[in-house]
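Right, one structure below, let's go through it.
Both ligands and their constituent atoms are indexed starting at 1 by order of listing. Just so you know, these numbers come straight off a predicted model, no measurement behind them.
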Amino acid sequence: MPRVSCRCSGRFASWWPVAQRGCARRGRGSWAMSMKAGTYKKHWGGVDVHALRDIVEIDTVRQIVRVEPGCNMGRLSRELIKKGWTLEVLPELDDLTVGGLINGFGIETSSHKYGLFQHTCTAFEVVLPNGDVVFCDKDNNADLFATIPWSHGTIGFLTAADIKIVRAKPWVKMEYRPCRTQAECVRVFEEASRDNGNDFVEELMYTKDTGVVMVGKMVDTVPRGGTVNVLSRWYKPWFFTHVASFLNRPVGTPNAVEYLPLRDYYHRHTRSIFWEIQDIVPFGNTWWYRYLVAWVGTPKISILKMTTTGKLKVLWETMHVAQDLLVPISTLKESLDLFHDELNVYPLWLCPMRMLSPPENLLAERGERPAVAVLDRTHPQHAFYPVTTPAGSLTPPHPAEQLFCDVGAYGVPKSPKFHFERSLEVVEAFVRKVQGYQALYADTMLTRAQFREMFDHRLYDKVRDRFQVGSLLPEIWDKVNKGARS
Ligand SMILES: NC(=O)C1=CN([C@@H]2O[C@H](COP(=O)(O)OP(=O)(O)OC[C@H]3O[C@@H](n4cnc5c(N)ncnc54)[C@H](OP(=O)(O)O)[C@@H]3O)[C@@H](O)[C@H]2O)C=CC1
Ligand SMILES: C=C(/C=C/[C@@H](C)[C@H]1CC[C@H]2C3=CC=C4C[C@@H](O)CC[C@]4(C)[C@H]3CC[C@]12C)C(C)C
């Protein structure tokens with residue numbers, strides 16, 4: 001059986017005894033993007049995968065990049081774009097890692113075409129709790145391949161992944177479409193998301209009724225007279241404030257168009273950590289801050305995490321939310337209303353994502369009728385996709401429901417109703433009702449039973465039994481529930 005990267009496997013001989021003493025975890029600790037450190041990192045044995053962060057190979061014939069799990073998006077975008085290539089889905093914060101995006105979830109503004117980050121992977125190399133190094137793809141160990149995404153390291157350690165690459169063009173032609181009613185915000189966003197001719201689709205909602213839909217296409221050149229905006233320059237305003245300015249244009253003026261360097265586009269939210277920076281450095285968008293301090297760079301999330309302690313930490317945990325909910329697009333209006341009522345946090349991030357059906361062999365094994373008939377097979381890249389996970393949990397609730405939307409709320413809620421735990425429970429109950437999903441980097445109040453209701457564990461349980469993961473590795477809920485993080 002082919003292996004993705006055998007050179008990693010030698011390192012496990014010395015790691016594994018730690019895992020066998022009870023449980024195992026990766027060694028990234030507070031460097032990780034998850035909001036809080038897992039307390040499991042203190043109690044359970046550890047396996048350090050820090051050293052695995054290389055780009056092993058860029059195969060332009062097979063259109064695959066082979067990477068180790070610690071490689072981050074900042075590095076991948078730099079190396080690939082330099083060579084004229086990019087990932088189908090390249091999440092926007094520089095420090096997000098391949099391992100975290102596959103074992104958790106990864107999304108970007110091209111997800112309306114390609115699905116989640118994990119859908120663009122074609123093979124994984126995994127070290128199982130018994131020390132075996134296993135290769136998996138859609139034909140070999142397909143069940144393992146399907147269950148690694150969303151499994152949060154509870155089946156084994158990912159040591160390498162093959163990810164699809166596509167040709168990159170140097171510029172993104174970006175059109176900003178301001179919308180001034182909630183109905184318009186939903187309609188314009190949905191129409192753009194259903195159009196595969198758009199390379200990138202995103203919306204920032206600034207109030208309940210106003211938002212800017214951004215539609216991007218990769219292009220080779222900037223036409224004469226085209227407006228170029230090099231977003232990464234230190235003196236540029238934060239991206240979300242720049243986007244908000246398009247709402248000030250008089251109604252009826254043509255939509256603004258800008259040309260953004262591709263890599264600047266991808267990392268447009270890195271400098272302002274979406275918009276979290278406004279609560280961390282409230283004067284950070286002033287001209288004097290930019291000239292005196294901002295040129296040094298943005299504070300790293302990992303550093304912020306390590307330095308947020310004591311009362312400040314309690315404040316962040318009770319007065320601030322960071323939640324991403326994946327909901328069927330047909331429920332977008334209802335979701336926006338609920339978010340407004342319970343949280344009233346703006347800007348809100350809207351990112352469309354294509355929901356992909358599990359492969360027929362796995363559905364048949366589960367005794368289910370394939371929903372593939374409704375997939376858009378006219379596009380060659382959509383002909384086959386693996387199950388998302390756990391256990392195909394991200395299968396659309398209804399075959400016709402293929403488009404979902406990530407609604408991201410990051411900031412300090414202004415709703416008078418807001419109470420951290422109660423509001424989170426209300427929002428989670430809504431997401432379960434509409435058969436949506438929750439991102440697990442943030443807090444979840446779900447009980448184990450509710451969690452199993454949101455994420456279908458059938459294949460996941462089978463795979464853990466098959467590889468005798470047993471008590472060597474915890475279940476996902478044991479790692480992500482509120483009590484397991486501090
Ligand atoms: N646009 C996007 O998609 C964005 C996504 N995010 C979120 O951030 C997360 C990614 O952040 P990042 O800091 O890279 O990842 P994390 O270190 O936060 O890891 C996320 C999860 O994946 C597990 N994991 C990571 N690497 C491996 C591996 N090699 N083998 C097995 N399990 C692994 C971690 O286990 P353990 O806890 O044991 O280390 C953890 O449970 C995503 O899961 C996503 O939800 C955040 C911002 C933007
Ligand atoms: C998942 C998505 C986006 C998420 C980001 C907005 C959040 C991911 C990690 C979050 C943070 C981690 C740690 C922090 C330290 C604290 O002291 C302050 C807050 C924060 C910086 C926090 C801020 C929000 C995140 C960056 C989408 C794109 C799918």
Side-chain angles (χ1 to χ4, degrees), residues 8 23-41 44 46-50 52-53 67-73 89-109 111 116-118 124-127 148-161 202 266 269-270 272-277 279-280 298-309 312-313 315-317 320-326 347 349-351 353 406-412 437-442 473-474 476 478-480 484-485:
C8 307
C23 296
R25 54 95 174 155
R26 296 177 322 114
R28 211 162 157 244
S30 51
W31 294 101
M33 201 62 75
S34 324
M35 287 285 290
K36 296 178 187 166
T39 46
Y40 55 88
K41 301 206 185 226
W44 299 336
V47 171
D48 195 347
V49 292
H50 262 107
L52 301 178
R53 52 171 166 231
V67 273
E68 292 182 332
C71 182
N72 70 28
M73 292 303 109
V89 174
L90 202 152
E92 64 296 298
L93 301 177
D94 289 17
D95 292 339
L96 295 164
T97 64
V98 166
L101 291 165
I102 292 172
N103 283 275
F105 97 111
I107 190 167
E108 191 38 69
T109 47
S111 288
L116 293 177
F117 185 81
Q118 44 263 51
F124 299 136
E125 182 194 72
V126 179
V127 176
I148 287 297
W150 293 88
S151 68
H152 285 258
T154 62
I155 292 176
F157 296 91
L158 180 77
T159 48
E202 168 181 33
Y266 279 130
H269 293 308
T270 295
S272 51
I273 321 179
F274 285 83
W275 28 95
E276 293 286 11
I277 200 77
D279 293 327
I280 298 168
T298 305
K300 282 219 162 254
I301 293 179
S302 49
I303 307 283
L304 291 171
K305 223 167 129 178
M306 277 187 263
T307 51
T308 311
T309 51
L312 192 57
K313 190 160 182 275
L315 265 180
W316 267 97
E317 284 171 19
H320 167 269
V321 291
Q323 288 289 334
D324 281 85
L325 305 167
L326 309 181
W349 192 59
L350 304 190
C351 182
M353 62 160 282
D406 181 328
V407 184
Y410 324 122
V412 179
Y437 305 93
Q438 181 175 23
L440 300 172
Y441 71 87
L473 296 175
I476 310 169
D478 292 315
K479 286 180 86 170
V480 303
R485 287 170 164 168

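Close approach of ligand 2 to Tyr441 is summarised as follows: ligand atoms under 4.0 Å from at least one heavy atom of the residue are 1 (C), 4 (C), 7 (C), 8 (C). Residue contact check: Trp349 has heavy atoms under 4.0 Å from atoms 27 (C), 28 (C), 29 (C) of ligand 2. Atoms of ligand 1 lying under 4.0 Å from at least one heavy atom of Leu93, given by number and element, are 47 (C). Atoms of ligand 2 lying under 4.0 Å from at least one heavy atom of Asp406, given by number and element, are 29 (C). Set against the non-hydrogen atoms of Ile107, the atoms of ligand 2 under 4.0 Å away are 29 (C). If you number the atoms of ligand 1 from 1 as listed, the ones under 4.0 Å from a heavy atom of Gly106 come out as 3 (O). Residue contact check: Asn103 has heavy atoms under 4.0 Å from atoms 22 (O), 23 (C), 24 (N), 27 (C), 28 (C), 30 (N), 31 (C), 32 (N), 33 (C) of ligand 1. Near Phe274, meaning under 4.0 Å from one of its heavy atoms, ligand 2 places the atoms 3 (C), 6 (C), 28 (C). Interface of Gly104 with ligand 1, defined as ligand atoms under 4.0 Å from a residue heavy atom, comprises 43 (O). Taking every heavy atom of Gly153 and a limit of under 4.0 angstrom, the matching atoms of ligand 1 come to 31 (C), 32 (N). The contact set between ligand 1 and Pro69, taken as ligand atoms under 4.0 Å from a residue heavy atom, comprises 29 (N). Atoms of ligand 2 lying under 4.0 Å from any heavy atom of Glu92, numbered from 1 in the order shown and given with element: 28 (C). Against a heavy-atom cut-off of under 4.0 Å, Glu276 is close to the following atoms of ligand 2: 23 (C), 24 (C). Near Ile273, meaning under 4.0 Å from one of its heavy atoms, ligand 2 places the atoms 26 (C).
In plain terms, the two heavy atoms of Pro91 and Leu101 that are nearest each other are CG-CD1, 3.8 Å. Between Pro69 and Ala160 the shortest heavy-atom distance is CD-N, 4.2 Å. Contact between Val98 and Phe117 at its shortest, heavy atoms only, is O-CE2, 4.2 Å.
Once rounded to the nearest 0.5 Å, the distance linking CG of Leu52 with CD of Glu68 reads 4.5 Å. For the atom pair CE (Met73) and OH (Tyr266), the distance works out to 11.0 Å, reported to the nearest 0.5 Å. The distance from atom CE of Met353 to atom OG1 of Thr109, rounded to the nearest 0.5 Å, is 13.5 Å. Atom CD1 of Ile148 and atom OG1 of Thr154 lie 8.0 Å apart (nearest 0.5 Å).
The main-chain N or O of His152 is found under 3.5 Å from a side-chain atom of Lys479 such that the two form a donor-acceptor pair. Side-chain atoms of Thr159 come within 3.5 Å of backbone N or O of Glu125 as a donor-acceptor pair. Looking at Thr270, its side chain does come within 3.5 Å of a backbone N or O of Glu92 through a donor-acceptor pair.
Of the N or O atoms in Leu101, none lie within a sub-3.5 Å distance of an N or O in ligand 1. Between Trp349 and ligand 1, not a single N/O pair is under 3.5 Å apart. Backbone and side-chain nitrogen or oxygen atoms of Ile107 are examined, and one is located within less than 3.5 angstrom of a nitrogen or oxygen of ligand 1. In terms of N/O distances under 3.5 Å, ligand 1 is not approached by Leu440. The N/O atoms of Glu92, backbone and side chain alike, include one that comes under 3.5 Å of an N/O atom in ligand 1. Residue Thr97 has at least one N or O atom closer than 3.5 Å to an N or O atom of ligand 1.
In this structure, Tyr441 and Leu96 have side chains that are not in contact, with every pair of non-hydrogen atoms separated by 4.5 Å or more. Residues Phe105 and Asp406 form a side-chain contact, since some pair of their non-hydrogen atoms from C-beta on lies under 4.5 Å apart. Counting heavy atoms from C-beta on, the side chains of Asn72 and Arg53 never come closer than 4.5 Å.
Here Lys479 has side-chain heavy atoms under 4.0 Å from ligand 1, and that is the only part of it that gets that close. The proximity of Val480 to ligand 1, defined as any non-hydrogen pair under 4.0 Å, does not occur for either the backbone or the side chain. Counting heavy atoms under 4.0 Å from ligand 1, residue Ala439 does not touch it at all.
For atom 29 (C) of ligand 2, the candidate residues are Val321, Thr109, Asp324; the nearest heavy-atom contact is made by Asp324.
Under the 4.0 angstrom criterion for non-hydrogen atoms, Gly156 is in contact with ligand 1.
A tilted orientation is assigned to the rings of Trp275 and Tyr410, their planes being inclined by 30° to 60°. Ring orientation note: the planes of Trp150 and Tyr437 are tilted relative to one another, at an angle of 30° to 60°.
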